[in-house]
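Read the structure below first, then the notes.
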Amino acid sequence: MRIDKFISNTGFGSRKEVKSLLKAGAVKINDITVKSPQTHVDIEKDVVTLYGEEIIYREYIYLMMNKPPGVISATEDKYDETVIDLLDEEFQHFEPFPVGRLDKDTEGLLLLTNDGQLAHKLLSPKKKVPKKYFVRINTLMTNEMVTEVQRGIELDDGYLTMPGDLEILESGNEGFITIMEGKFHQIKRMFIALGSKVTYLKRVEMAGMKLDENLELGEYRELTEDELEYIRTT
Ligand code: URA
């Protein structure tokens, strides 16, 4: 790979900016200063430094966000702020996209990556990847609701949901619901079919990976090696 591509791919500026860095003698490959943007770099073996700091090459990024309400789970939108708008330039540069959608008013765990293969795997209904939500509704939850969720619920368009799980919390109108698919407004529509209305929804887990409770709404961080390994092998 060309050195200018290597450096700009890792988020250190546009190809033009990288050219200036090279010209300024800021870049070394295996301790030798390189100035030509065409210089070849072996991403497996060569050690590249920028002002003495090693640059680790990477193609993919994996971010966990605590999505705030009012923001759209998309890469662009004509009217509203998107989850991508919340990212720093150093991450936007990798052109990540959200893995699945949370509604505009839904909060919580959202994975963002530019790894299409992993995203595809996590979103495939065949893989039955569990997604767990904290949910509050406008009525008390009942044992019948638990049974219905376990059995599968017929939505307004006739679709029968896959068996899920509902755990009622002490408050009575709050619980944790786990579903294996992600139809449009699925949880809200499930509760409508049960005669109630969702008043608050927050995703707390996906593919067994938990939302980091230290992340404030709108904050994000890169996945740890363990988390990445975990969702890769799920
Ligand atoms: N189900 C919904 O209704 N909304 C979401 O954002 C996610 C699941």
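Whatever order the structure lists them in is the order used to number ligands and atoms, beginning at 1.
One side chain, E174 or S171, offers a donor N or O that lies under 3.5 Å from an acceptor on the other.
Some N or O of D103 is nearer than 3.5 Å to an N or O of ligand 1, by distance alone. Distances between N or O atoms of I179 and those of ligand 1 include no value under 3.5 Å.
Of the listed residues (E227, E222, R232), just one forms a side-chain hydrogen bond (donor to acceptor under 3.5 Å, both in side chains) with Y62, and that residue is R232.
Only the side chain of L201 comes within 4.0 Å of ligand 1, judged by heavy-atom distances. In T106, the part holding a heavy atom less than 4.0 Å from any atom of ligand 1 is the side chain.
Cation-pi geometry between K197 and F191 is not satisfied (NZ or CZ under 6.0 Å from the ring centre, within 45° of the ring normal).
Within the listing of ligand 1, atoms 6 (O) sit less than 4.0 angstrom from a heavy atom of L102. Short contacts between ligand 1 and Y133, defined as distances under 4.0 Å to a heavy atom of the residue, involve ligand atoms 7 (C), 8 (C).
Looking from atom 1 (N) of ligand 1 to the surrounding protein, the closest heavy atom is I187 N, 3.1 Å.
For K121, the NZ atom counts as densely surrounded, since its 6.0 Å shell holds more than 12 non-hydrogen atoms of other residues, nucleotides or ligands.
The shortest side-chain heavy-atom distance between P98 and L111 does not fall under the 4.5 Å cut-off.
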Exercise. Yes or no on side chain to side chain contact (heavy atoms under 4.5 Å, CB included) for R221 and D212, after CA distance, side-chain angles and deciding distance?
Worked result: CA-CA 9 Å; R221 65 158 171 79; D212 181 342; 2.8 Å; yes
